[in-house]
Amino acid sequence: MTTPTDPALMTAEQLLSLYARRALSPVEALKAVTERIARYNPWVNAFATMNPRALREAGESEARWAVGRPVGILDGVPCTVKDLLNIAGFPTRRGSLVTDPTPATEDAPAVVGLKAAGAVIIGKTTTTEFGWKTPGDCPLHGITRNPWNPQRTPGGSSSGAGAAGAACFGPLHIGTDAGGSIRIPAAYCGLVGVKPSYGRIPQWPHGAFSAVACAGPMTRSVGDAALMMSAMARHDLRDPVCLPDDPRDWRAGMDQGVAGLRVAVVRRLGFEPPLDEEGEAALQVAAKLLAEQGAIVEEADPQLPDTRAIFSRVWGVAIARIWTGTAEEKRGQLDAGIEEVARKMGDMGAADFLGADMLRVECGHAMARFHQRYDLILTAATPTAALDADAPTIRPVEALWRDWAPWTFAFNLTRQPAIAVPIGLDEAGMPRGVQVAAALYRDDLAFRAARALETAASLPLANPAESGQMRAKLN
């Protein structure tokens, strides 16, 4: 992959290589990114707030590089943080008019990891309200738009992270994923989106979707995603369910390929998720690319229970908690869909919820058994390309498994790693992606498969500016 001349278009790995050779400085890189934000963000609307200290932090990084003493593996690389995670000194509004604007007093664990590695945080990105849905709008910040086409949504709930990644507002972006909220916007925006094994990247405080939610990288390359995860995946004592410390470079072994690995093309996740013709074509291309690299690829069914029934209960109860936890006089300020879901799903009894949780465990067991036969799973990432950005949210319970997340939420139930990887553009010039998953805690295999697809498909995709979409918007 050739190195672009505009630092804003570079990957983190490319920036770091240039920093090390004194061919580029972190301040120059940040200025290129902020100039791009000033030009395009007025219509993309990817940011909840900007970091006024970013230029100073880039200058401090530049001084460290000048004496050959970078503080960590991401020193001077621009990064964004989704506004569901705390950054000390900034409010965490969660896309909502009802949240407290008081600044947080400490960083979320993932932010601690990035700061310790030297990343320069340029701002917080937009999210759907409390991360509850896929369409990328929220009451607090309005509609975030897809840089590939402003009429389309970037997806959600990591809407701003997806849009910022596609618009080249820095190479590294933190998203969160409770049912597909990293992988869906990654697929819609032509990015790599990583939902790691549950507990791999610590979180605190835990939100409404704690039992299934993960933080993870959203980037324009697999190498950057692995690099970013290396900084984020460090034990934090605040999170009682995070994994023990395993300091490693997740890029190690990533280029070993997939020769000899058994890959299951999965079309059923306890039900048959919908998929349009172009999504099916992308899936077949991905299967062919893996087979051509020596993987043993065949269709198989993990024999899961109906994951719609299980996840809709977990999701519905979480949303009901948001509704009941909001002061009655403020509920009118919430996204109307939250009330609709809360009223439909909020009267679930304890026995029903515990039954759903036991079925979630059964899903994990079924997948563990399935991975005794298969190293990897390959599925579609989304039923269609990016949806209409301005469409109202209608019948959200049905939309969850029909339009939004039918290919992604099963892997939150099983807690195993899953990565969305772009495959190409459809006839309308919109990105399409697929999803690769590995057994619980085998994030390394998921990265190997993602890298194999990236290499074989000659990715990353040309970004929207290179392909003309963003220039056309400005004209």
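Any value given below was found using the heavy atoms of this structure, including those in side chains, with hydrogens, waters and symmetry copies removed. Given the structure is predicted, the values throughout are model-derived calculations rather than measurements.
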Verdict with reasoning, W132 to T393, per side-chain contact (heavy atoms from CB on, under 4.5 Å)
CA-CA 12 Å; W132 85 275; T393 299; 4.1 Å; yes

Working for side chain to side chain donor-acceptor pair (under 3.5 Å), residues R360 and N412
CA-CA 9 Å; R360 179 190 64 76; N412 294 84; over 6 Å; no

Less than 4.5 Å apart, side chain to side chain, heavy atoms only: is that true for P171 and P78?
yes

Kindly assign one of parallel, tilted or perpendicular to the pair F370 and Y374, based on the angle between their ring planes and the thresholds 30° and 60°.
tilted

Between atom OG1 of T326 and atom CD1 of I338, what is the distance when rounded to the nearest 0.5 Å?
7.5 Å

Are T99 and T92 close enough that some pair of their side-chain heavy atoms sits under 4.5 Å apart?
no

P383 vs L275 side-chain heavy atoms within contact, under 4.5 Å
no

Hey, are R331 and E328 close enough for a salt bridge, meaning a charged N less than 4.0 Å from a carboxylate O?
no

Identify which one of T379, D177, V212 satisfies the side chain to side chain contact (heavy atoms under 4.5 Å, CB included) criterion when paired with F411.
T379

Look only at the side chain of T125 and the backbone of T80, and say whether a donor-acceptor pair between them is shorter than 3.5 Å.
no

With the threshold set at 4.0 Å, does a side-chain nitrogen-carboxylate oxygen contact exist between R94 and D100?
no

Checking side-chain polar atoms at under 3.5 Å, does T384 have a donor or acceptor matched by the opposite partner on D276?
no

Treating N51 as the side-chain partner and G123 as the backbone partner, does any N or O pair qualify as donor plus acceptor under 3.5 Å?
no

I'd like to know if K133 and D137 make a salt bridge, using a cut-off of under 4.0 Å between side-chain N and carboxylate O.
yes

Salt bridge E398-R308, side-chain N to carboxylate O under 4.0 Å:
no

Is there a side-chain contact between V258 and V263 (heavy atoms, below 4.5 Å)?
no

Got a donor-acceptor contact below 3.5 angstrom from the R36 side chain to the A167 backbone?
yes

Can you tell me if K124 and T49 form a side-chain donor-acceptor pair at under 3.5 Å?
no

Side-chain heavy atoms of V266 within contact of D301, under 4.5 Å:
no

Look at the side chain of H235 and the backbone N and O of D246, then say whether any donor-acceptor pair between them is shorter than 3.5 Å.
no

Salt bridge (charged side-chain N to carboxylate O under 4.0 Å, His left out), that's the test. Do R234 and D236 meet it? Break it down for me.
CA-CA 6 Å; R234 303 302 302 269; D236 191 298; over 6 Å; no

Taking every heavy atom of G95 against every heavy atom of T127, the minimum-distance pair comes out as N-CG2, 3.7 Å

Between C363 and P305, the two heavy atoms sitting closest are SG-CG, 3.7 Å

Regarding H206 and D239, is there a side-chain donor-to-acceptor distance under 3.5 Å anywhere?
yes

Enclosure of R248 CZ (heavy-atom neighbours >12, cutoff 6.0 Å):
yes

Evaluation steps, side-chain contact (heavy atoms from CB on, under 4.5 Å), between W204 and N86
CA-CA 8 Å; W204 192 258; N86 288 345; over 6 Å; no

Correct closest heavy-atom pair for W250 and A226 would be CB-O, 3.6 Å

Are any side-chain N or O atoms of Q333 and backbone N or O atoms of V98, one a donor and one an acceptor, separated by less than 3.5 Å?
no

Test item: T307 side-chain N/O and L269 main-chain N/O as donor-acceptor pair under 3.5 Å:
yes

Could you check whether D388 pairs with R152 (Lys NZ or Arg NE/NH1/NH2 to Asp/Glu carboxylate O, under 4.0 Å)?
no

Under the side-chain contact (heavy atoms from CB on, under 4.5 Å) criterion, do T219 and H173 qualify, and how do the steps go?
CA-CA 6 Å; T219 64; H173 310 275; 5.9 Å; no

Between R238 and P202, is there a side-chain heavy-atom distance shorter than 4.5 Å?
no

Considering all heavy atoms of both residues, which atom of Q435 and which atom of W407 are nearest to each other, and what is their separation?
NE2-O, 2.8 Å

Over 60° means perpendicular and under 30° means parallel, so tell me whether F271 and W401 are parallel, tilted or perpendicular.
perpendicular

Side chain to side chain donor-acceptor pair (under 3.5 Å) between T144 and T126: does it pass, once the steps are laid out?
CA-CA 7 Å; T144 299; T126 58; 2.9 Å; yes

Decide, yes or no, whether a salt bridge links R145 with D390 under the criterion of side-chain N to carboxylate O below 4.0 Å.
yes

Here's a test for you: under side chain to side chain contact (heavy atoms under 4.5 Å, CB included), which of I377, L440, L445 qualifies with H371?
I377

With a 3.5 Å distance limit and no angle check, can you tell me whether S158 reaches the backbone of G175 through a side-chain donor-acceptor pair?
no

Look at the side chain of D444 and the backbone N and O of M254, then say whether any donor-acceptor pair between them is shorter than 3.5 Å.
no

Residue pair Y198 / Q416, side-chain donor-acceptor N/O under 3.5 Å:
no

Nearest 0.5 Å, what's the OG-CZ distance between S221 and R451?
7.0 Å

Looking at R395 and E340, is any side-chain nitrogen of the basic one under 4.0 Å from a carboxylate oxygen of the acidic one?
no

Do N146 and T153 make a side-chain contact, defined as non-hydrogen atoms from C-beta onward lying under 4.5 Å apart?
no

K195 NZ to I184 CD1 distance, which is reported to the nearest 0.5 Å:
12.5 Å

So do L283 and R267 actually touch side chain to side chain, heavy atoms under 4.5 Å?
yes

Separation between OG1 (T176) and CD1 (I182), nearest 0.5 Å, reads 6.5 Å

Check the pair E280, R432 against salt bridge (charged side-chain N to carboxylate O under 4.0 Å, His left out), reporting the backbone distance first and the verdict last.
CA-CA 10 Å; E280 174 63 30; R432 294 306 296 257; over 6 Å; no

Does W323 have R321 sitting over its ring (NZ/CZ under 6.0 Å from centre, angle to axis within 45°)?
no

If you measure from OG on S230 to CG on D249, what distance do you get to the nearest 0.5 Å?
4.5 Å

Any donor-acceptor pair under 3.5 Å linking the side chain of T414 with the backbone of M367?
no

Could you tell me whether a side-chain N or O of R262 sits under 3.5 Å from a main-chain N or O of R373, the two making a donor and an acceptor?
yes

Measuring from I419:CD1 to D443:CG, what's the distance to the nearest 0.5 Å?
7.5 Å

Using the rule given for side-chain contact (heavy atoms from CB on, under 4.5 Å), can you reason through R415 versus R200, listing the C-alpha separation, both sets of side-chain angles and the distance that settles it, and then say yes or no?
CA-CA 10 Å; R415 299 184 171 183; R200 178 74 69 193; over 6 Å; no

Non-hydrogen atoms of G257 and R448 that approach each other most closely:
O-NH2, 2.8 Å

Under 4.0 Å between a Lys/Arg side-chain N and an Asp/Glu carboxylate O for R93 and D83?
no

